[in-house]
Each structure stands twice: as C-alpha cells, then as structure tokens.
Amino acid sequence: MLQLFKMSFRDLGRNRRRSFFSALAVSVGLMILMLMSSVINGEMGSAIQGAIILETGHIQVRAASYDQNKSSLKWEDLVVNPDQIASQISVLPQVKAATPRLYASGFISAGNQSAGARIYGIDPASAANDPYRLGIISGSYLKADDSAGLLIGKPSAEKLHLKAGDNVSLSVNTANGDVAEQTFIVRGIYSTNTSSFDSATIFLPLTKAQTITQAQNRASTVFVLLKDASYTEAVASALKGSDLKVLTWKDLNPLILDWETQANSYISILYLIILAIAASVIINTLIMSVYERTREIGILSAIGMRGGRIMVLFLAESTLLAVGGVLMGVVLGVVSAYLFNIHGFYIGNMGLTGFTVADTIFAKLTLNDTINLSILTFIVTILAGLYPAIMASRLQPVEALRAEK
Amino acid sequence: MEVVKIDNATRVYKIGTMETQALRGVNLSIENGEFTALVGPSGSGKTTLLQLIGCLDQPSSGAVWVDGKDVTRLNRNQRADMRRGHIGFIFQFFALIPTLTAYENVEMPLLLNGHSPSERRERVMELLKAVDLVERAKNRPDQLSGGQQQRIAIARALAPKPALVLADEPTANLDTENGTQVMQIMEKLNKETGVTFVFATHDPRVMKYARRIVTLRDGLIVENNGNGKNS
Ligand SMILES: Nc1ncnc2c1ncn2[C@@H]1O[C@H](COP(=O)(O)OP(=O)(O)OP(=O)(O)O)[C@@H](O)[C@H]1O
Ligand SMILES: [Mg+2]
C-alpha cells in the first residue's frame with residue numbers, strides 16, 4: 001500500500017506541471033466555493049440583521065386591523081396607550097428595548113424640489129433608535145420635545161440640497177384623511193449606509209408626529225428588539241392573547257426570507273457547476289495518465305498485479321491530488337475570504353425595493369462551511385478519479401503491453 | 001516433470017470481420033529446467049504462443065497447463081495470481097517501471113507476493129549480484145543502458161523464484177555484446193537455479209545458446225530439435 005502511494009507520488013512528480021495545475025483546479029474550485037459561501041453568509045446575515053435593526057425589529061405589536069402597506073392612521077387601526085404597552089414589554093428579561101412608533105406617509109419639499117417620504121415618529125430616548133442616532137453625520141439628533149425638527153437621510157438631503165439648519169416643508173397624511181403641511185427645520189442628516197432606507201425615511205419625535213397626524217395618544221406599532229433573535233418565538237407567544245396582533249421578524253421580512261431560500265437553491269446549482277469543472281479537470285488528468293502509462297500498467301499486470309490493485313494505484317494518485325488541492329484551496333479560500341471580510345464588497349443601492357440591504361457586503365467564512373466544502377471537494381475529486389482508475393484496471397495485459405512507447 | 005503442456009491450442013484474432021489464425025493447433029510439452037528457443041519467421045505465432053503459456057492471453061480452443069494447472073479455466077484475477085507466483089517475463093523493450101529505481105523494480109514482484117522487508121532485501125541484493133548491477137541499484141531505468149535495463153528485467157523476472165521464465169525477443173534491441181551478455185546471464189541462471197527458460201527469437205546468435213529449438217510456421221510447430229535438457 002505504501003509502495004503504491006510512493007509510485008503514485010513519483011508519477012505525479014514525473015509530470016509536475018500537469019499535476020500542479022490539476023491540483024490548482026481543485027483548489028481554485030474550493031476557493032470559489034468558500035468565497036461564495038462566505039459572501040452569501042455575510043450577505044444573508046447582514047441583510048436580515050439590517051432589516052431587523054432598521055425596520056422591523058424582532059417583534060411588533062399592532063392593532064389587529066393595521067395594514068402596513070397603507071400606513072393607515074385611522075384610530076381603529078392604531079395601538080392605544082402604546083407607552084404603557086411598551087413599558088410592560090420592556091420588563092421581560094429577553095427584551096432589549098420596546099418603543100412605540102407612528103408611521104405616516106407624505107412628502108417633503110424644499111425650493112422647487114420634492115420627494116415622497118415615509119415618516120417615522122420615534123421616541124428619541126429609546127435604545128431601539130440608537131442606529132439612527134449613531135448614523136447622524138451632520139447637525140444633531142432629535143429631542144423628545146422638539147416640535148419643529150426632523151431628521152433626513154443623506155441621499156434625500158443631497159437630492160434636495162439640504163443642510164442641517166435649513167427649512168423644509170413637510171406634508172403629512174392625517175388620521176381624518178386630510179393632509180397637514182408645516183415647515184420644519186432639518187436638525188440632522190443621518191446615514192445608515194442602506195440607501196433604500198435612507199432615501200425614503202424622515203424621522204420626527206413621536207409626540208410631534210402624533211400631533212401633526214392627529215393620532216393623539218396612539219402609535220402604529222410597538223417596536224420590540226430582543227437581546228437575541230432566538231428568543232423571538234418565546235416572547236411572541238408570551239405577548240399574544242390580547243386583541244392586538246403580534247408579528248415576528250419572520251412575518252415582517254417575507255421577501256428577505258424568500259430571497260434567502262431562492263438564493264440557496266441557485267447557490268447549490270453554482271456549487272455543482274464549479275465542482276463539475278474541477279472534477280472534469282481531474283478526470284482529464286488521470287485519463288491522460290492512464291493512456292501515457294498503458295504499457296506500464298501492462299507490465300504491472302504481467303508481473304501479477306491484480307486489477308483491483310492497479311485501481312488502487314490510480315485512486316492513490318487522485319487522493320494525492322485531492323489532498324494537495326484541498327490544502328491549497330483552504331489556504332486560498334481563507335485568505336480571499338479574509339480580504340473580503342476586511343474590505344467588504346460594495347454593491348451600492350441595488351435598487352431592490354421591499355427590503356433593506358446594506359450597500360456593502362462583508363464576507364463571513366464559518367469553520368463549518370470550510371470543513372463541509374473541503375470534505376465535499378475531496379470526495380468529488382476522489383470520485384472523479386474513479387472512472388480513470390476503473391479504466392486502468394480493466395486494461396488487458398496483452399493490449400497494454402503492445403502499446404507504443 | 002512438465003512445466004508446460006499445450007494440447008491442440010488455437011488462437012484466432014478477430015478484427016472486424018477479418019480473422020487471423022495465429023495458432024492452428026499447437027501441441028507442446030516443456031520439461032522443468034529446459035532452455036528452449038521458439039523460432040520462426042515474423043508472424044508465425046511465437047509471441048502468441050508465449051502469451052498463452054504466460055497466462056496473458058487465452059486460447060480460442062485447446063488447453064494449456066502450467067505447473068500442472070489448467071490455466072484456461074482461470075478468471076482474470078486467478079491468472080494474475082498465476083503470473084505472480086509461477087511465471088517471470090522478459091520483453092523485447094526492457095519493460096521496467098520508469099518511476100522506480102533498479103532496486104525497486106526487482107523488489108516489485110516480492111512486494112506483490114507479500115515478502116517481509118528483510119527477505120526482500122536479501123533476495124534483491126542476491127539477484128543484483130547475479131546480474132552484476134549492485135552498484136546501479138539506486139538508478140532509475142532512464143539512467144541505465146539497454147543491456148543494463150534488460151539485466152534488471154531478468155533479475156525482476158527471477159525474483160519470485162518462478163517455475164518458468166518467458167522471454168520474447170530479449171536481445172532484439174541490444175547490440176551483439178550486450179545481447180551475448182544477456183544470453184550468458186540467462187544460461188548461467190538456468191544452470192544454477194534450474195529455472196525453465198523459454199524464449200522467442202529470430203537471432204541465430206541467440207539460437208545457438210538454446211538446447212532445444214521449436215520452430216513455428218504459420219501457427220504450427222514444424223520442427224522440434226533437442227530435448228532442452230542440460231547436457
Ligand atoms: N492482437 C492481434 N490482433 C490481430 N492479429 C494479431 C494480433 N496479435 C498477433 N496477430 C497476428 O497473429 C499472427 C501471429 O503473430 P505473432 O505476434 O504471434 O507473431 P510472431 O511470431 O511473434 O512474429 P514476430 O517475429 O514478428 O514477433 C500474425 O499474423 C499477427 O499479425
Ligand atoms: Mg513476436
């Protein structure tokens with residue numbers, strides 16, 4: 001057995017360049033697999049994470065009749081006494097923050113420019129709104145009792161040529177179906193590095209939003225962030241039972257979850273293609289090797305080596321290629337995933353509507369993926385070696401000996 | 001005792017619709033210890049006959065016994081086992097494994113037969129001494145001359161102590177001097193160890209070493225001179 005490996009090893013050495021490039025094909029295949037899985041991981045993770053933090057939270061509590069697509073402000077569609085509900089939820093040990101929010105739609109205009117806007121009435125003091133506070137890039141954040149200030153996202157500010165301190169006119173739909181128009185001061189400009197969110201969302205203090213929309217002491221939702229997403233089901237079922245509707249991040253992000261399943265099936269197909277390419281290079285190398293060594297196989301057979309052993313000889317060769325290729329591939333994969341992890345991968349605003357995707361993807365390679373993909377590549381390489389090995393073991397000694405040198 | 005007995009063997013090659021009668025009914029018996037040449041014009045069936053004796057190929061009809069076994073009844077693996085245990089081969093091209101050293105080439109059949117490392121070492125050194133190539137043990141085949149390669153092939157053929165060594169034109173690719181040296185080594189080993197040699201040749205200088213000459217023509221034995229025994 002050892003002798004067989006010695007022979008295969010020397011044989012690979014006999015045609016070093018070809019062996020190297022076949023091992024390289026395996027390793028590049030593995031590297032691409034690792035990179036893809038790490039980018040997908042990073043992307044999925046950050047897309048869902050981003051959507052939860054910026055838009056949906058882990059859980060929302062709403063009036064049963066509330067329709068989020070209409071941003072309805074009718075009193076019967078809103079949560080009454082949201083502060084009280086929020087503070088009751090905050091007491092639960094798994095909850096990081098619970099805060100009322102009021103959503104309204106409208107548009108903002110400055111000079112002769114205007115743009116549609118989603119208006120978020122938020123409690124500036126709540127930790128749930130930290131991502132917005134931390135995103136302030138000029139001017140200042142909101143105060144709870146500020147009745148003339150708003151926050152605007154960087155893309156809209158640029159579009160409307162607004163600076164902190166400028167006046168803007170905001171028109172907002174109200175509870176009784178009218179439109180209220182009022183002049184505000186841009187207190188601050190924020191960026192969450194998520195173009196789709198930033199270009200649409202305007203923040204007002206909750207109290208001011210309730211006043212201008214005439215929602216009074218009502219909110220669209222109580223927004224809940226948990227200490228960990230794994231508590232979602234437990235907390236959600238604890239909150240059920242009243243006549244309010246309890247929605248989880250899974251209910252609120254159907255598009256991202258759909259997209260994830262779909263992406264996963266596309267990825268599997270891509271994986272197969274990459275593996276098939278690597279496998280065909282290996283098959284090719286080994287078939288060449290069988291042809292080149294036809295006479296040698298004949299000699300081995302003549303001196304009494306059984307077909308099974310000849311097969312093992314060639315399998316040993318593909319095993320060596322697999323080991324070399326996988327080792328190289330893991331190194332290449334880790335290095336490239338690391339580079340992508342540091343520098344990220346700018347995709348800009350992909351123009352996707354309906355869910356929130358950050359503008360930069362960071363690769364995230366897990367140990368699990370590394371191990372699984374390495375094993376997968378290893379197995380595929382060995383399997384690729386099977387056909388040439390069987391071919392070698394089936395050669396008739398007489399035919400093999402007659403082969404031209 | 002008979003090492004080889006062939007009973008009315010034929011071998012027909014079919015290529016497409018064309019059939020070639022390479023052997024047309026050969027009867028032959030070879031005793032232990034013979035040093036026998038198969039001669040005859042090109043295409044007369046020498047190689048085909050050696051392949052039947054060597055269990056590399058099977059007759060279209062008739063029977064072949066080697067070392068008392070009817071080898072026409074054996075399957076692929078059993079024939080490989082037969083070759084490994086009982087038969088040594090020497091070919092016209094020197095048929096060494098290019099990636100292995102001279103030493104490792106001679107060792108190969110011993111490895112396949114599962115001999116211990118010390119047994120292997122002892123046997124390989126003994127054979128390298130017999131073919132006078134001890135100092136070339138570490139060389140690869142491409143670092144050896146044709147004559148030296150053929151001597152290594154002889155050592156390899158004898159390594160598992162076979163009953164029978166088959167050589168197909170062992171000197172055809174060698175000059176006179178190397179050819180003579182190869183024949184002398186084969187003759188010496190035949191006398192010293194009693195192993196049976198059967199070789200196919202065209203070469204009159206080789207024939208004169210033979211103690212029995214079997215002549216083939218068009219797939220039939222037409223002449224059979226000498227008893228092949230040590231006189
Ligand atoms: N694999 C094969 N397929 C078809 N015909 C073959 C095959 N091998 C040998 N023959 C034919 O069988 C006949 C005998 O061939 P063989 O090789 O045994 O002759 P030989 O005596 O060894 O000749 P040489 O002295 O040239 O080596 C020839 O006519 C040859 O063409
Ligand atoms: Mg011949």
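Each chain gets a letter, A, B and so on, in the order the sequences are listed, and its residues count up from 1.
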Exercise. Write down the atom of A302(A), the atom of F89(B), and the distance for their closest heavy-atom approach.
Key: O-CE1, 3.2 Å

Quiz prompt | Proximal component of I303(A), with respect to chain B [non-hydrogen, under 4.5 Å] | solution = both

Quiz item: Should we say atom OH of Y387(A) is surrounded by more than 12 heavy atoms from elsewhere, each under 6.0 Å from it?
Solution: no

Quiz item: To the nearest 0.5 Å, what is the distance between CZ (R293(A)) and CD1 (I97(B))?
Solution: 8.5 Å

Quiz prompt | Nearest-0.5 Å distance, CD1 of residue I299(A) to CZ of residue R156(B) | solution = 6.0 Å

Exercise. Quick one: closest heavy-atom pair of R83(B) and P397(A), and the distance?
Key: NH2-CG, 4.1 Å

Exercise. Say whether, by atom type as modelled, one donor and one acceptor occur between the side chain of R295(A) and the main chain of A95(B) under 3.5 angstrom.
Key: no

Quiz prompt | Residue K188(B) excluded, over 12 heavy atoms near NZ under 6.0 Å | solution = yes

Quiz item: How long is the span from the CZ atom in R306(A) to the CZ atom in R84(B), to the nearest 0.5 Å?
Solution: 6.0 Å

Quiz item: If you count heavy-atom pairs under 4.5 Å between each of D57(B), L100(B), N113(B), I87(B) and chain A, which one has the most?
Solution: L100(B)

Quiz item: Which value, rounded to the nearest 0.5 Å, describes the distance between L96(B) atom CG and E296(A) atom CD?
Solution: 10.5 Å

Exercise. Please look at R79(B) and chain A and tell me whether the side chain, the backbone, both or neither of the residue comes under 4.5 angstrom of a heavy atom of that chain.
Key: neither

Quiz prompt | Other residues, nucleotides, ligands: >12 heavy atoms within 6.0 Å of E119(B) CD | solution = yes

Quiz item: Does CZ belonging to F21(A) count more than 12 external heavy atoms closer than 6.0 Å?
Solution: no

Quiz item: When rounded to the nearest 0.5 angstrom, what distance separates CZ in R76(B) from CZ in R394(A)?
Solution: 8.5 Å

